[in-house]
Amino acid sequence: MTDTRNVIVIGSGPAGYAAALYAARANLTPLVLKGLDAGGQLMLTTDVENYPGFVDGILGPELMEQMEKQAERFGAEILSVHVTRVDLSSRPFGVWAGDQEWRAKTLIVATGASAKWLNVPGEEKLRGRGVSACATCDGFFFRDRELVVVGGGDTAMEEATFLTKFASKVTIVHRRDEFRASPIMVDRAKANHKIEVIWDTVVDEILGDDAVTGATLRHVGTGEQSRFRTDGVFMAIGHTPNTKLFDGQLHLQDGYILVEEPRTTTNVAGVFAAGDVTDTIYRQAVTAAGQGCKAAIDAERFLEAEAHAAG
């Protein structure tokens, strides 16, 4: 007999854990299927300074661990499995992790987003050998080395600033002539004597056999190429929402799940979405957690209305 749950949460970042916490406190006994990137983007972050309640900041993985334990304390069941298929054509919805199957009266999608890559020659071959999208994972290995960070948003500023703890020099390569990052992050990066910027430039190729030795840079205005020596290239160029599972079942826009603001309702009754999988604007831990809270309340009210209608 297939296991049927009131609420299944797919994903385990701030949105997923907040949804699980609120659903658990509503006595809905939610099941959380954590996924491959359990904990979401915050697992790749060192100091989280802007999450309310932590005066001195908190490490991203530590914050996720605390949120997970808090959800478990109130009765959420959390499994380290990766969802491979969903069927939203009828309720209860079908959710599979390989051969394992569950049924869900309501579903909360909190699958987040993944880092983008440049897809230039040398990138894939040298991934893990000097090419990275996670400064906090790999920065330690580049003590006293010279590094490149590609991007111009908050993530690029944060990655570059973090890498200066280890690297002797960090060069930000940005395709435009100004950053789109928030002023405080830009000021912090510019004030760091280890950080330099190359404007109006893109990376055409990453060079090296067994490890990164350099990059071919191209000025977007003149088209002129040059070889730039570096020991590592860190990508900070944005994210792709993890919505492949829901393609053709949920309404998407540029890959992001469309929700009926201010609620978390999707085009399928009983399916709700929260966090970076819906968010093209804010992409903050606190907004993701807030939306996870909303999704759980929406799911609770949906189930209540259904029970009331059934008499």
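Residues take their numbers from the sequence shown, with the count starting at 1. From a predicted model like this one, the values you see are computed outputs, not experimental measurements.
Taking hydrophobic clusters as Ile, Leu, Val, Met, Phe, Trp and Tyr residues chained together by side-chain heavy-atom distances below 4.5 Å, Ile58 does not share a cluster with Val55. Cluster annotation: Val32 is not connected to Trp96 through the hydrophobic network of ILVMFWY side chains, with a link wherever side-chain heavy atoms come within less than 4.5 Å. Taken together through direct or relayed side-chain contacts under 4.5 Å among Ile, Leu, Val, Met, Phe, Trp and Tyr, Met64 and Val9 form part of one hydrophobic cluster. In terms of hydrophobic clustering, with Ile, Leu, Val, Met, Phe, Trp and Tyr side chains grouped at heavy-atom distances under 4.5 Å, Val109 and Leu33 are assigned to a common cluster. The hydrophobic clustering, which links ILVMFWY residues whose side-chain heavy atoms are closer than 4.5 Å, places Val277 and Val7 apart.
From Thr2, atom OG1 reaches atom CD of Gln100 across 11.0 Å, with rounding to the nearest 0.5 Å. Within the model, atoms CG of Leu79 and OG of Ser12 stand 11.5 Å from one another, a figure rounded to the nearest 0.5 Å. In this structure, Arg129 CZ and Asp209 CG are separated by 9.5 Å, a value rounded to the nearest 0.5 Å. Here the CD1 atom belonging to Ile10 is positioned 11.5 Å from the CG atom belonging to Asn242, to the nearest 0.5 angstrom. Separation of atoms OG1 (Thr266) and CD (Glu260) is listed at 7.5 Å; rounding is to 0.5 Å. Here SG of Cys293 is found 8.5 Å from CG of Leu21. Values are rounded to the nearest 0.5 Å.
Using a 4.5 Å cut-off on side-chain heavy atoms (C-beta onward), Arg180 and Arg176 make contact. For the pair Trp102 and Val81, the minimum side-chain heavy-atom distance is below 4.5 Å. Inter-residue side-chain proximity for Thr164 and Ile195 is flagged as met; some heavy-atom pair is nearer than 4.5 Å. Inter-residue side-chain proximity for Met67 and Pro14 is flagged as met; some heavy-atom pair is nearer than 4.5 Å. Put simply, the side chain of Thr201 does not reach to within 4.5 Å of the side chain of Val220, judged on heavy atoms. Inter-residue side-chain proximity for Met185 and Asp154 is flagged as met; some heavy-atom pair is nearer than 4.5 Å. Inter-residue side-chain proximity for Arg5 and Arg103 is flagged as unmet; no heavy-atom pair is nearer than 4.5 Å. Side-chain atoms of Arg301 and Arg263, non-hydrogen and from C-beta on, never get closer than 4.5 Å to each other.
When all heavy atoms of Ala24 and Ala76 are compared, the pair lying nearest together is CB-N, 3.9 Å. Nearest heavy atom pair, residue Thr4 against residue Pro92, reads CG2-CB, 4.3 Å. Nearest approach of Gln249 to Val268, heavy atoms of both residues: O-CG2, 3.5 Å. For Glu146 against Thr230, the heavy-atom pair with the smallest separation is O-OG1, 3.0 Å.
A salt bridge does not link Lys34 to Glu77: none of the charged side-chain nitrogens sits closer than 4.0 Å to a carboxylate oxygen. Look at Lys169 and Glu196 and you find a salt bridge, because one of the NZ, NE, NH1 or NH2 atoms lies within 4.0 Å of a carboxylate O, short of that distance. Under the 4.0 Å criterion applied to side-chain N and carboxylate O atoms, Glu68 and Arg73 are not assigned as salt-bridge partners.
The other residues sharing a hydrophobic cluster with Ile281 are Tyr282, where clustering joins ILVMFWY side chains under 4.5 Å apart. Through direct or relayed side-chain contacts under 4.5 Å between Ile, Leu, Val, Met, Phe, Trp and Tyr, Phe228 connects to Trp117, Leu118, Val120, Leu126, Val131, Val148, Val150, Val173, Ile198, Val203, Ile206, Val212, Leu217, Val233, Met235, Ile237. Here Leu207 sits alone; no ILVMFWY side chain lies under 4.5 Å from its own, so it joins no hydrophobic cluster.
A cation-pi arrangement is present between Arg25 and Phe74, with the terminal nitrogen or guanidinium carbon under 6.0 Å from the aromatic centre and inside a 45° cone about the axis.
Relative ring orientation between Phe54 and Tyr51 is described as tilted, the plane-to-plane angle lying within the 30° to 60° band. Between Trp199 and Phe179, the ring planes lie tilted relative to each other; the angle falls in the 30° to 60° range.
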Checklist line | Worked verdict on Leu303 versus Asn6 for side-chain contact (heavy atoms from CB on, under 4.5 Å) | finding: CA-CA 8 Å; Leu303 291 169; Asn6 287 315; 4.0 Å; yes
Next item on the list: Give the intermediate values and the outcome of ring-ring contact (aromatic ring centres under 6.0 Å, His included) for residues Phe142 and Phe234.
Entry: CA-CA 11 Å; Phe142 294 91; Phe234 284 77; 5.6 Å; yes
Next item on the list: Applying side-chain contact (heavy atoms from CB on, under 4.5 Å), run through Thr265 and Val259 and close with a yes or a no.
Entry: CA-CA 5 Å; Thr265 316; Val259 292; over 6 Å; no
Margin query: Evaluate Glu300 against Phe302 for side-chain contact (heavy atoms from CB on, under 4.5 Å), listing each step before the verdict.
Written below: CA-CA 5 Å; Glu300 179 191 5; Phe302 178 87; over 6 Å; no
Note to self: Please determine whether side-chain contact (heavy atoms from CB on, under 4.5 Å) holds for the pair Glu159 and Val170, giving the CA-CA distance in whole Å, both sets of side-chain angles, and the decisive distance to 0.1 Å.
What the structure shows: CA-CA 10 Å; Glu159 300 273 275; Val170 176; over 6 Å; no
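Within a 6.0 Å sphere centred on CZ of Phe246, other residues, nucleotides and ligands contribute more than 12 heavy atoms. Annotation: Arg91, atom CZ; neighbour count of heavy atoms from other residues, nucleotides and ligands within 6.0 Å is above 12. Open room surrounds CD on Glu124; 12 or fewer heavy atoms of other groups in view lie less than 6.0 Å from it. In this structure, Glu261 places its CD atom where more than 12 heavy-atom neighbours from other residues, nucleotides or ligands lie under 6.0 Å away. Within a 6.0 Å radius of CZ in Arg229, other residues, nucleotides and ligands contribute more than 12 heavy atoms. No more than 12 heavy-atom neighbours from other residues, nucleotides or ligands sit within 6.0 angstrom of CZ on Arg145. Counting heavy-atom neighbours within 6.0 Å of Lys125 NZ, excluding the residue itself, gives a total above 12.
Each of Thr278, Asp276, Thr264 was compared with Gln291 under the side chain to side chain donor-acceptor pair (under 3.5 Å) criterion, and only Thr278 meets it. Considering Asp279, Leu250, Asn267 as possible partners of Ile257, the one that fulfils the side chain to side chain contact (heavy atoms under 4.5 Å, CB included) test is Leu250.
A donor-acceptor distance shorter than 3.5 angstrom exists from the side chain of Thr84 to the backbone of Gly98, with no hydrogens or angles considered. Between the side chain of Thr243 and the backbone N or O of Gly255 there is at least one donor-acceptor pair closer than 3.5 Å. The backbone N or O of Glu158 lies less than 3.5 Å from no partner atom in the side chain of Thr161, so there is not a single donor-acceptor pair.
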